[in-house]
Amino acid sequence: MTRFPRHAAVALAVATLAVSVTACNPPADKAKPADKAEAAKGDEGPQIAGLPTEKEKVSYMIGMQMAKSLEPVKEEVDVDMIAKAIKASLAGEKMLMDEKQAQAIAESFGQKMQAKQIAKMMADAKKNLADGQKFLAENAKKPGVKTTASGLQYEIVKQGTGPVPKDTDVVRVHYKGMLLDGKTFDSSIDRGEPATFPLTGVIPGWREGLALMPVGSKYKFWIPSNIAYGESGTQGGPIGPNATLAFEVELLEIVKSDAK
């Protein structure tokens, strides 16, 4: 689950700090100060329509960074009020709240956002579990689909003739991982490069499925959540809690590990 910081201002402060550090500390080079000053004359970066000056470009860039930091709570904030507070603070004007009040509001807001995240996660987990159970029950009836004792479902697309991997092996595979709605969340095929990893480092459903495959095989897997990523899913997405997953996997090679 993605948690919103307990202090709502943290994200904004971090983004602004990152901007200032990047702007004030460019990569070091060996140019002399005089050379740098000469090169900087009249250099205001790339020409951008609507942003003719360096000050406008920098200001717009900072605004973009701030917007990214506020994306998780965009429905909870008033952009005009944010701008009002920034203007007042930078102008040295009296603020409408003091630091103690701001701290209390940040604490309360952080707790509210955490409660919303927990409620959403619980609702998603319930829905995903029901959707997965329904899908697997229907999928099990299709020709060619087999179900193991753990609930893993698989279909043989192509049966290879090579050796079958053991738990101590490292395998080289091409794969595509999808959610039940068909959305691809990971794909070595799309990256154009096979993946190599030890069987001890993958989810239980993968470990069980690959142990069925001789080298040269291509299988489809449908993995229930309890042998995938479980109730937590993946931190920040894209796999939700209790999500059932679909994979297309081609076992290209076994690379022997150092394990005896």
Side-chain angles (χ1 to χ4, degrees), residues 1-2 121 124-260:
M1 175 182 66
T2 301
M121 183 177 180
D124 288 347
K126 183 177 180 180
K127 181 179 184 301
N128 290 342
L129 182 61
D131 289 348
Q133 291 173 339
K134 180 180 179 182
F135 172 86
L136 292 170
E138 295 174 353
N139 195 55
K141 302 174 185 177
K142 295 180 179 179
V145 175
K146 299 178 182 180
T147 304
T148 70
S150 71
L152 170 70
Q153 293 183 353
Y154 68 96
E155 178 182 356
I156 301 173
V157 179
K158 181 180 70 174
Q159 187 74 343
T161 58
V164 175
K166 305 184 299 294
D167 285 346
T168 55
D169 288 338
V170 175
V171 296
R172 184 168 175 264
V173 301
H174 251 325
Y175 69 93
K176 179 167 71 171
M178 296 160 285
L179 304 177
L180 289 186
D181 62 6
K183 180 180 179 181
T184 298
F185 61 82
D186 191 15
S187 174
S188 69
I189 299 171
D190 291 347
R191 291 191 294 273
E193 183 176 356
T196 301
F197 46 74
L199 285 181
T200 54
V202 297
I203 58 176
W206 258 70
R207 200 154 56 241
E208 180 183 355
L210 285 168
L212 302 171
M213 300 177 66
V215 169
S217 297
K218 183 174 182 179
Y219 282 25
K220 290 182 179 180
F221 296 146
W222 295 272
I223 305 179
S225 62
N226 63 305
I227 53 173
Y229 291 90
E231 295 180 350
S232 60
T234 53
Q235 187 73 16
I239 299 171
N242 286 340
T244 295
L245 306 176
F247 287 93
E248 296 176 2
V249 181
E250 184 176 6
L251 179 55
L252 303 174
E253 182 184 1
I254 293 175
V255 182
K256 296 295 182 181
S257 71
D258 293 333
K260 300 296 184 182

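In what follows, residues are counted from 1 in the order of the sequence shown. Side chains included, hydrogens not; waters and symmetry mates left out as well; all remaining heavy atoms used.
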Exercise for the section: Find out whether Phe197 and Val170 are in side-chain contact, i.e. whether some heavy atom of one side chain is under 4.5 Å from a heavy atom of the other. Expected result: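 A side-chain contact is absent here, since even the closest heavy-atom pair is not under 4.5 Å.
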Partners of [X] by salt bridge (Lys or Arg N to Asp or Glu O under 4.0 Å), sequence neighbours excluded?
| X | value |
| --- | --- |
| Lys134 | none |
| Lys183 | none |
| Glu231 | none |

For a quick test of reading the model, state the closest non-hydrogen atom pair linking [X] to [Y] and the distance between them.
| X | Y | value |
| --- | --- | --- |
| Ala243 | Ala228 | O-CB, 4.4 Å |
| Leu129 | Ser225 | CD1-OG, 4.3 Å |
| Leu252 | Val173 | CD1-C, 4.1 Å |
| Leu251 | Pro165 | CD2-CD, 3.7 Å |
| Ala195 | Ser188 | N-CB, 4.2 Å |

Rounded to the nearest 0.5 Å, what's the gap from [atom1] on [X] to [atom2] on [Y]? Could you check?
| X | Y | atom1 | atom2 | value |
| --- | --- | --- | --- | --- |
| Ile227 | Thr244 | CD1 | OG1 | 9.5 Å |
| Thr147 | Asn139 | OG1 | CG | 7.5 Å |
| Ile189 | Lys176 | CD1 | NZ | 6.5 Å |
| Ser232 | Met121 | OG | CE | 6.0 Å |
| Asn242 | Ile239 | CG | CD1 | 12.5 Å |
| Leu179 | Leu245 | CG | CG | 6.5 Å |

Practice task
Give a yes or no on whether the backbone of Asp124 and the side-chain of Asn128 come within a donor-acceptor separation of less than 3.5 Å.
Solution key: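 Looks like yes, one N/O pair under 3.5 Å.
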Exercise for the section: Please confirm whether the backbone N or O of Val202 pairs with a side-chain atom of Arg207, one donor and one acceptor, at under 3.5 Å? Expected result: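 Between the backbone of Val202 and the side chain of Arg207 there is a qualifying donor-acceptor contact (under 3.5 Å).
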With sequence neighbours left out, write down each residue that passes side-chain contact (heavy atoms from CB on, under 4.5 Å) with [X], or none if nothing qualifies.
| X | value |
| --- | --- |
| Ala130 | none |
| Thr200 | Pro198 |
| Asn226 | Pro224 |
| Asp186 | Tyr175, Arg191 |

Handout entry: ring-ring contact (aromatic ring centres under 6.0 Å, His included) pairs, two or more places apart, involving residues 225-251
Key =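 Matches after skipping sequence neighbours: Phe185-Phe247, Trp206-Phe247.
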Handout entry: Pairs flagged by salt bridge (charged side-chain N to carboxylate O under 4.0 Å, His left out) wherever residues 146-155 is involved - sequence neighbours left out
Key =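 The answer is none; no pair qualifies.
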Exercise for the section: Keeping to residues at least two apart or across chains, list the salt bridge (charged side-chain N to carboxylate O under 4.0 Å, His left out) pairs with something in residues 235-255. Expected result: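 Those involving residues 235-255 are Lys158-Glu250, Arg172-Glu253.
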Handout entry: Set of side-chain hydrogen bond (donor to acceptor under 3.5 Å, both in side chains) partners for Lys166, sequence neighbours left out
Key =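 Applying side-chain hydrogen bond (donor to acceptor under 3.5 Å, both in side chains) to Lys166 gives none.
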Show every donor-acceptor pair shorter than 3.5 Å between a side-chain atom in residues 208-219 and any protein atom, with sequence neighbours excluded, or say none if there are none.
unit_1, atom_1, unit_2, atom_2, d
Glu208, OE1, Ser150, OG, 2.6
Glu208, OE2, Thr148, OG1, 2.7
Glu208, OE2, Ser150, OG, 3.3
Ser217, OG, Gly160, N, 2.7
Ser217, OG, Pro214, O, 2.8
Tyr219, OH, Gln159, OE1, 2.7
Tyr219, OH, Leu212, O, 3.4

